[in-house]
Enquirer: 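Before I ask anything, let me first share the structure, which is written out below as structure tokens.
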Amino acid sequence: MTTKEVERVQVISERKNGSPPECFIHNESDRPNLDPPLGTIPIIDFSYVESKDLDQRCLEDSKLRSASSNWGIFQVVGHGIPTSYMEEIRNIQRLFFKQSIEEKQKYAIDWTIPEYTEGYGSDVVLSDDQILNWNDKLHLNVYPEKVRNMDRWPRKPETFKEKILEFDEKVMIIMDEIFKSLARSLGLDEFYFINNGTKGRTMWRFNYYPSCSKPDLVLGLKIHTDATFLTILLLDDKVPGLQVFNDEFGWVKVPIRPDALVVVLGDEIQIMSNGVYKSVIHKVVTNSEQERISLAIFVLSEPEKEIGPIDELIEEGEPRLYRKIMAKRFLEHAFSNYSKGKPHIDDFMKV
Ligand SMILES: O=C(O)CCC(=O)C(=O)O
Ligand SMILES: [Fe+2]
């Protein structure tokens, strides 16, 4: 990996001198439609966990199955985390990015250490023709505890660390319920994914998208799928930007719903379910007026775990669509392809 890195996008955007630099500008055919139709992203209500209503659980499991196979994305409500608390987390994130560049650079990613991509930064440049994302980020390993590198965790705002660890506890509880519902909805034992190393680790990516004078020319994040089992998103409650691709509806906007967590299914679950569940293709657009934030909690299998279609899910005579691969090998491949801006799972994993 080269060590070349651009300036923080925030610094570039604050210069306000007309058009963004060329390295951010997409070819005409790849430029975004800033205002596609609003998607009817399925909503799954997890309040059955608290009420212990088994009929409701059954109904929500079947909604989740249809959402996972038709969309690869759904909104989670009834998760037990108060909306006001979610707003506090968004505000902590906003406070971090509002600080001076010097303060944030104390946690800069050190690209000279392979595999150690934790901290504050922007896209790393891997090739001369790479088109860069209009995005700065803070990337932290959060779970399990032994992977935390506390020197990359912001010391300001002062409550950052404590709040994020508290939010992590709450997220892990609902994450288990999502894992259980995903297993049940595939006809597996409900602890299947929890007990077999699928809930191996989490990496949190705090995204920051500065406003851009020419939002029609750039992308906050290029077209991609997440190389995860799943990703939990805490989206900005005021500024939209996330768009997903659906086979039936094409590109649609993900609506803003401040009380919802959004779940994006990733490549690992597409592989494990032998293509029954979809890793959703998505991208992020920017706008000329407002900055936007989002928090992506990436959940991945343990690095040494082998991922491949689950035996129990392959009916007799049905072909296996994907080969088996070690989780960390798959991730390495995904990282090296991420900058290309197109999903890679089929090319790389098809048998
Ligand atoms: O900012 C968003 O809405 C989505 C972020 C995302 O897709 C990612 O970080 O992989
Ligand atoms: Fe993503």
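Start at 1 and go down the list; that is how both ligands and their atoms are numbered. These numbers come from the heavy atoms of this one structure, side chains and all, not from hydrogens, waters or symmetry mates.
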Enquirer: How does Val254 reach ligand 1, by side chain, by backbone, by both or by neither, if only non-hydrogen atoms under 4.0 Å count?
Expert: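 Neither part.
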Enquirer: Honestly, is Arg323 close enough over Phe348, meaning NZ or CZ under 6.0 Å from the six-membered ring centre and within 45° of the axis?
Expert: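 Yes - Arg323 lies over the ring of Phe348, closer than 6.0 Å to its centre and within 45° of its axis.
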Enquirer: Classify the contact between Asp226 and ligand 1 as side chain, backbone, both or neither, using a heavy-atom distance cut-off of under 4.0 Å.
Expert: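 Contact part for Asp226 vs ligand 1: side chain (C-beta onward).
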Enquirer: For ligand 1, which atoms sit closer than 4.0 Å to a heavy atom of Ala296?
Expert: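 Listed by number with element, the hits are 9 (O).
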Enquirer: Taking the non-hydrogen atoms of Arg292, is any one of them nearer than 4.0 angstrom to ligand 1?
Expert: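 The answer is yes: ligand 1 sits under 4.0 Å from a heavy atom of Arg292.
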Enquirer: How about Phe206 and Phe96: are their ring centroids closer than 6.0 Å?
Expert: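 No, they do not, as the ring centres are separated by 6.0 Å or more.
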Enquirer: Crowded around Lys63 NZ? As in, over 12 foreign heavy atoms under 6.0 Å?
Expert: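 It does: Lys63 NZ has more than 12 such atoms within range.
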Enquirer: Applying the side-chain contact (heavy atoms from CB on, under 4.5 Å) criterion to Met203, which one of Val142, Val299, Leu140, Asn141 satisfies it?
Expert: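 The passing option is Asn141.
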Enquirer: Report yes or no: does Asp136 contribute a side-chain atom to a donor-acceptor pair with the main-chain N or O of Tyr208 at less than 3.5 Å?
Expert: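 Looks like no, no N/O pair under 3.5 Å.
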Enquirer: In the protein, what heavy atom is nearest to atom 9 (O) of ligand 1, and what distance, to one decimal place, separates them?
Expert: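 For this ligand atom, the closest protein heavy atom is Asn207 ND2, 3.1 Å.
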Enquirer: Nearest protein heavy atom to atom 2 (C) of ligand 1, by residue and atom, and its distance?
Expert: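 The closest one turns out to be Ser294 OG, 3.3 Å.
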Enquirer: Can you establish whether the number of heavy atoms outside Lys52 located under 6.0 Å from its atom NZ is more than 12?
Expert: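 Check fails, neighbour count at 12 or below.
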Enquirer: Taking only heavy atoms of Leu242 into account, list the atoms of ligand 1 that are under 4.0 Å away from them.
Expert: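 Reading through ligand 1 atom by atom, the close ones are 3 (O), 4 (C).
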Enquirer: Looking only at non-hydrogen atoms, which of Lys137, His139, His282 approaches atom 7 (O) of ligand 1 most closely?
Expert: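 Minimum heavy-atom distance to atom 7 (O) of ligand 1 goes to His282.
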Enquirer: Between Lys106 and Asp151, does any side-chain N to carboxylate O distance fall below 4.0 Å?
Expert: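 Looking at Asp151 together with Lys106, the answer is no, because their closest N to O distance does not fall below 4.0 Å.
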Enquirer: Between Lys199 and Asp176, does any NZ, NE, NH1 or NH2 come within less than 4.0 Å of an OD or OE carboxylate oxygen?
Expert: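 Looking at Lys199 together with Asp176, the answer is yes, because their closest N to O distance falls below 4.0 Å.
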Enquirer: Sequence neighbours excluded, which residues qualify as salt bridge (Lys or Arg N to Asp or Glu O under 4.0 Å) partners of Asp53?
Expert: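 For Asp53 there are no salt bridge (Lys or Arg N to Asp or Glu O under 4.0 Å) partners, ignoring immediate neighbours.
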Enquirer: Do NZ/NE/NH1/NH2 and the carboxylate oxygens of Arg148 and Asp168 come within less than 4.0 Å?
Expert: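 Judged by the 4.0 Å cut-off on N to carboxylate O distance, Arg148 and Asp168 do form a salt bridge.
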Enquirer: Provide the number and element of each atom of ligand 1 under 4.0 Å from a heavy atom of Arg205.
Expert: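 Answer, ordered by atom number: 9 (O).
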Enquirer: Taking heavy atoms and a distance under 4.0 Å, where does Leu221 meet ligand 1: side chain, backbone, both or neither?
Expert: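 Under 4.0 Å from ligand 1, Leu221 contributes side-chain atoms alone.
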Enquirer: Protein N/O/S atoms under 2.8 Å of the Fe ion (ligand 2)?
Expert: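 Metal shell, protein only: His224 NE2, Asp226 OD1, His282 NE2.
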Enquirer: Going by the order shown, which atoms of ligand 1 are within less than 4.0 Å of some heavy atom of Leu235?
Expert: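 Close to Leu235: 3 (O).
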Enquirer: Distance to 0.1 Å, residue and atom name: give those for the protein heavy atom nearest to atom 10 (O) of ligand 1.
Expert: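 Checking every protein heavy atom, the shortest distance to atom 10 (O) of ligand 1 gives His224 NE2, 3.2 Å.
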Enquirer: Checking side-chain polar atoms at under 3.5 Å, does Ser29 have a donor or acceptor matched by the opposite partner on Asn27?
Expert: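 Distance-only check fails for Ser29 and Asn27.
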Enquirer: Look at atom 4 (C) of ligand 1 and say which protein heavy atom is nearest, naming residue and atom and giving the distance to 0.1 Å.
Expert: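 The answer is Val284 CG2, 3.7 Å.
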Enquirer: Within the 3.5 Å criterion, strictly below it, is a donor on Asp236 or Ser294 matched to an acceptor on the partner's side chain?
Expert: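 Distance-only check fails for Asp236 and Ser294.
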